[in-house]
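Counting begins at 1 with the first residue of the sequence. Note: hydrogens, waters and symmetry copies are ignored here, and every other heavy atom, side chains too, is used.
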Amino acid sequence: MTMTANKVFSYFVFFGLIIFTNSSVEAKSKIAASTTANQEVVRIKVASVSLNQTVYDYARNVANILKAIDHAVKDNVDVLALQELCLTGYAADDYHQWNKNNETVWRQIQHIAAYAKARNPNLIISVGAPWHYSDKKLLANDPLYNINNRPYNVQFVITHGRVVAMAAKSILADGPTEYEPRQFNAWPITKGTIMVKLPDGSEVPFGKPVVSFGALKKYATLFHEQCAEGWPGINDDLTIIVKEQDEARYIATLSKTTDLSLVLNPSASRPQPALNKEQIRIKGLALSGSTYAGAYVYTNYLGSESAIYAAEGSQIYAQNGKVIHHGQRYNFNDVSYSSTVMELPYALKGKSHTQIEHSFINHALENKSEEADFEQVKGDDLVHEEFMRSIALWLRDYLAKQSWPAQGYLISLSGGADSGYGAVALAMMLELDVKQEGVVGFFKRFPQLKCKDEALRIFEKEGAEAALDYIKKNLLAFIYLPTENSGSITLNAARTLIEGGVLPDGTKVKGIGGTFTVHNVQRCLDEYIITHASIDMQKTIKDAEADKSHGGFKSWIVKQVSKLPGLSSVYSGWMEKKIKEEVLRYVNAEPGSKPVLPSYIQKNCIRPIPTWSNPKDDLTMQNYQARTRLVVPWAIANQEGKIPLVTSNASEAALGYTTAGGDMHMGGVNPIGGIPKSTIKKSLVYFEKRGLAGLKPIPALHYINVQEPTAELRKADPTKPAQTDEGD
């Protein structure tokens, strides 16, 4: 499905590294052009449509497919290309291999075919779904015996109300997030194309079928190269291994004997590396693919189907080694539609496996849909746009597709870069969604939100911006959890980002929105440390009374008063308070000092009490704060029905400078886990100064951007530099 694991993490593939030169493409294109110079051409309108599906949610997924058909019918399209496994969703893991019969899939395919026939029988549709096939009459060692009974990853070709061909995927992605060989069988190229019987009794070509469509001996051909089938011979830096491509890329071999008018590449490719993955697809797949065919159309899936990432919904149209059209990526609609008209030569060479009647229309040359604003961003800045849009789309889908009525998100906001980036992602999620779908459309996706009625009332009276502010206030909760080690700098940075404030030059700025509250956890921290020592309090009180160094404890008057009716508990509480004060005095002693813990406390502790004065206790004391902070955000999230988020970057995961209970366990999911710290810092400056393309800059990020990242977990030592993440 995507490139192999060593390619997934190539975060820094820049435009300048693309060695797959135009000259090599043009050379092949001239050869292709010379063979078709005298052929008649036909104009064909092709639509590439990316759908935001949910794994095995047939009702939702079929509804989106029918919407795509409606768009295509209205646009008078010849061929509608949909993504890989669009019927079931791609990221379904073992659900696919549990598909031991085809009954449910077949019912959905029949419904889609009937709907399309009623709307326009001339329309040709490519729909992806799993399909189980086996021939138990063969020897068990024959691939088609299908000894493991796994389904095939199939594209159904549908027209005139029926399935006319089925293309089965031959090269399965085996990366860390795909693992397709566990779920599917790979169709053996050596088997070519066979005829299979469908539940309705019809027989259709299955495997690697070439489909001819047209009339009066004037036909164009349709063929599928499914996602990973296009990757052989393509390196990370886009250099091409010609021998590998010619031998392992099936369309390279097939094109020598058969005219391929139109090749569709239905895909479910994850976006990593966020920077320049689209260029890899364009140059490595589409442009090179178009040299073997009259035209090449790539269709990727959109959003999060229930996976740990959101795909872009790429739609690439290539012809003669050039991109002729490019759809909009990171679309917040469920159906991202684009189309273009291309001139293709009629097929003369080779034989097809099936022929279907199709009426060609003399289309005017045109494109439908335009690229998003951010596609104009060049160079290093593109990574800021792509990461943020991918995360925002994923956060939107993750919230919308919960089976319980989730009411938004919560972030423990430290005033630093990581949690600040997460907060911006949440704000961008809502801004991008409302900008594209409108306030009313937003609540069609989120009917469960308790703020719906009031937000719609505000929208009618005050407009979209006021309604968006209200939505943010209800959906986004940001909490600041200080201890005595926290400073005013981080508090001001966190508060300004959310609520706005005044910059050093006196400029008043608006925050990104949401609810900001402060919850001091120092008292919780103190109690945890005392609990850590497991002090036998009653024995400690008795020993304190007997200790000669504390004459006040064994005061005759105090002891006599404590014997009065009802005052014994008061006395015990007072004694316990004094003992805790003594413990905390010891715990919070200045670094380098030599505090003494009274023997009557020390001998009654199961474990030694840590102190800032002891360098050996430094790690323990720092992590205590992170773990103490864990409880509060979860409690608030549970109370408000929100999802708590982790904000730990990829550098922390790689280098290990994280806090157990803080970075690693503060929330349920982590939207920034794939982004290096360096990219986060640069992105926040980009958002402050320029803003996400199409949205306003965020000057409220100023105080986060000017400070050194710090967890503020260590007690300040005037003899040493202030604590920083990178220093640690």
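- Side-chain atoms of Ser304 never come within 3.5 Å of backbone atoms of Ala310 as a donor-acceptor pair (strictly under, hydrogens ignored).
- Looking only at side-chain heavy atoms (C-beta outward), Leu144 and Ser134 stay at 4.5 Å or farther from each other.
- Under a 4.0 Å N-O distance rule, the pair Arg445/Asp334 qualifies as a salt bridge.
- Closest approach of Tyr296 to Ala286, counting heavy atoms only: CD2-CA, 3.5 Å.
- Using a 4.5 Å cut-off on side-chain heavy atoms (C-beta onward), Tyr90 and Glu305 make contact.
- By the 4.5 Å heavy-atom criterion applied to side chains, Val77 and Leu123 are counted as neighbours.
- Atoms CD1 and CG, on Ile171 and Asn153 in that order, are 12.5 Å from each other to the nearest 0.5 Å.
- In this structure, CG on Leu302 lies 9.5 Å from CZ on Phe332, to the nearest 0.5 angstrom.
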Candidate pair Val41 and Leu344, rule side chain to side chain contact (heavy atoms under 4.5 Å, CB included), full reasoning: CA-CA 5 Å; Val41 296; Leu344 300 178; over 6 Å; no
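- The OH atom of Tyr95 lies 12.5 Å from the CD atom of Gln183; values are rounded to the nearest 0.5 Å.
- When all heavy atoms are compared, the tightest approach of Ile44 to Ala220 is CD1-CB, 4.0 Å.
- Using a 4.5 Å heavy-atom threshold, the side chains of Val46 and Val341 count as separate.
- The aromatic ring centres of Trp131 and Phe156 sit less than 6.0 Å apart.
- The shortest non-hydrogen separation linking His132 to Arg150 is CD2-O, 4.0 Å.
- No more than 12 heavy atoms of other residues, nucleotides or ligands sit less than 6.0 Å from atom NZ of Lys117.
- Phe360 is not listed as a side-chain neighbour of Tyr219, based on a closest heavy-atom distance of 4.5 Å or more.
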Criterion side-chain hydrogen bond (donor to acceptor under 3.5 Å, both in side chains) on Ser390 and Glu312, from CA distance to verdict: CA-CA 7 Å; Ser390 178; Glu312 312 98 308; over 6 Å; no
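- A salt bridge is absent between Lys137 and Asp142; no separation between the charged side-chain nitrogens and carboxylate oxygens falls under 4.0 Å.
- Side-chain N/O atoms of Thr299 and Gln315 include no donor and acceptor closer than 3.5 Å.
- Between the side chain of Lys169 and the backbone N or O of Ala186 there is no donor-acceptor pair closer than 3.5 Å.
- Taken to the nearest 0.5 Å, the OG atom of Ser261 stands 6.5 Å off from the CZ atom of Phe213.
- Looking at Asn300, its side chain does come within 3.5 Å of a backbone N or O of Ser269 through a donor-acceptor pair.
- Remark: Arg270 is positioned above the aromatic ring of Tyr309, its terminal NZ or CZ atom under 6.0 angstrom from the ring centre and at most 45 degrees off the axis.
- No donor-acceptor pair under 3.5 Å is formed between the side chain of Asn64 and the backbone N or O of Leu51.
- Side chains of Asp78 and Ile124 form no contact here, defined as non-hydrogen atoms less than 4.5 Å apart.
- Atoms CG and CD1, from Leu254 and Ile189 in turn, are 9.5 Å apart once rounded to the nearest 0.5 Å.
- Contact between Pro181 and Ala173 at its shortest, heavy atoms only, is CD-O, 3.3 Å.
- In summary, the aromatic rings of His96 and Tyr56 are positioned with their centroids under 6.0 Å apart.
- A donor atom on one side chain and an acceptor atom on the other are found under 3.5 Å apart for Thr54 and Lys401.
- Side chain of His325 to backbone of Lys368: a donor-acceptor contact under 3.5 angstrom is found.
- Counting only heavy atoms from C-beta outward, the side chains of His224 and Val263 never approach each other to under 4.5 Å.
- Listed for the Thr221 side chain is no donor-acceptor partner under 3.5 Å among the backbone atoms of Ala347.
- Counting non-hydrogen atoms of other residues, nucleotides and ligands closer than 6.0 Å to NZ of Lys256 gives a total above 12.
- Of all heavy-atom pairs between Leu285 and Cys227, the closest is CD2-O, 4.5 Å.
- Residues in residues 119-129 take part in these salt bridge (Lys or Arg N to Asp or Glu O under 4.0 Å) pairs, two or more places apart or across chains: Asp70-Arg119.
- A side-chain donor-acceptor contact under 3.5 Å links Arg60 to the backbone of Asn52.
- The structure places CG of Leu395 at 6.0 Å from CE of Met429, a figure rounded to the nearest 0.5 Å.
- A donor-acceptor pair is defined here as one N or O able to donate and one able to accept, closer than 3.5 Å; such a pair exists between the side chain of Gln319 and the backbone of Glu343.
- Of the possible donor and acceptor atoms, one in the side chain of His358 sits under 3.5 Å from a partner among the backbone N and O of Asn122.
- Between Glu225 and Arg249, at least one side-chain N (NZ, or NE/NH1/NH2) sits under 4.0 Å from a carboxylate O, which counts as a salt bridge.
- Surrounding CD of Glu203 are more than 12 heavy atoms belonging to other residues, nucleotides or ligands, all under 6.0 Å away.
- Between Arg182 and Asp93 there is no side-chain heavy-atom pair separated by less than 4.5 Å.
- With ring centers used as reference points, Tyr152 lies under 6.0 Å from Trp187.
- By the 6.0 Å contact criterion, NZ on Lys351 is open, its count of non-hydrogen atoms from other residues, nucleotides or ligands being 12 or less.
- With ring centers used as reference points, His326 lies 6.0 Å or more from Tyr317.
- Residues satisfying the ring-ring contact (aromatic ring centres under 6.0 Å, His included) test with Phe443, not counting sequence neighbours, are none.
- Of all non-hydrogen atoms in Pro266 and Leu82, the two that sit nearest each other are CB-O, 3.5 Å.
- Using modelled atom types, no side-chain atom of Thr258 and backbone atom of Ser255 make a donor-acceptor pair closer than 3.5 Å.
- Under 3.5 Å, the side chains of Tyr298 and Ser267 contain a donor-acceptor pair of N or O atoms.
- Within the cation-pi definition used here (under 6.0 Å to the ring centroid, within 45° of the axis), Lys136 qualifies as a partner of Tyr145.
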Worked check of side chain to side chain contact (heavy atoms under 4.5 Å, CB included) between Asp135 and Asn146: CA-CA 7 Å; Asp135 187 348; Asn146 195 352; over 6 Å; no
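- Side-chain contact of Ser336 with Asn331: a donor-acceptor pair under 3.5 Å is present, judged by distance alone.
- Partner of Arg329 under the salt bridge (charged side-chain N to carboxylate O under 4.0 Å, His left out) criterion, chosen from Glu385, Glu375, Glu370: Glu375.
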Verdict with supporting geometry, Leu222 and Val157, side chain to side chain contact (heavy atoms under 4.5 Å, CB included): CA-CA 9 Å; Leu222 174 68; Val157 181; 4.2 Å; yes
Audit row: Lys208, Tyr250, side chain to side chain contact (heavy atoms under 4.5 Å, CB included) steps and yes/no: CA-CA 9 Å; Lys208 294 295 167 193; Tyr250 187 64; 3.9 Å; yes
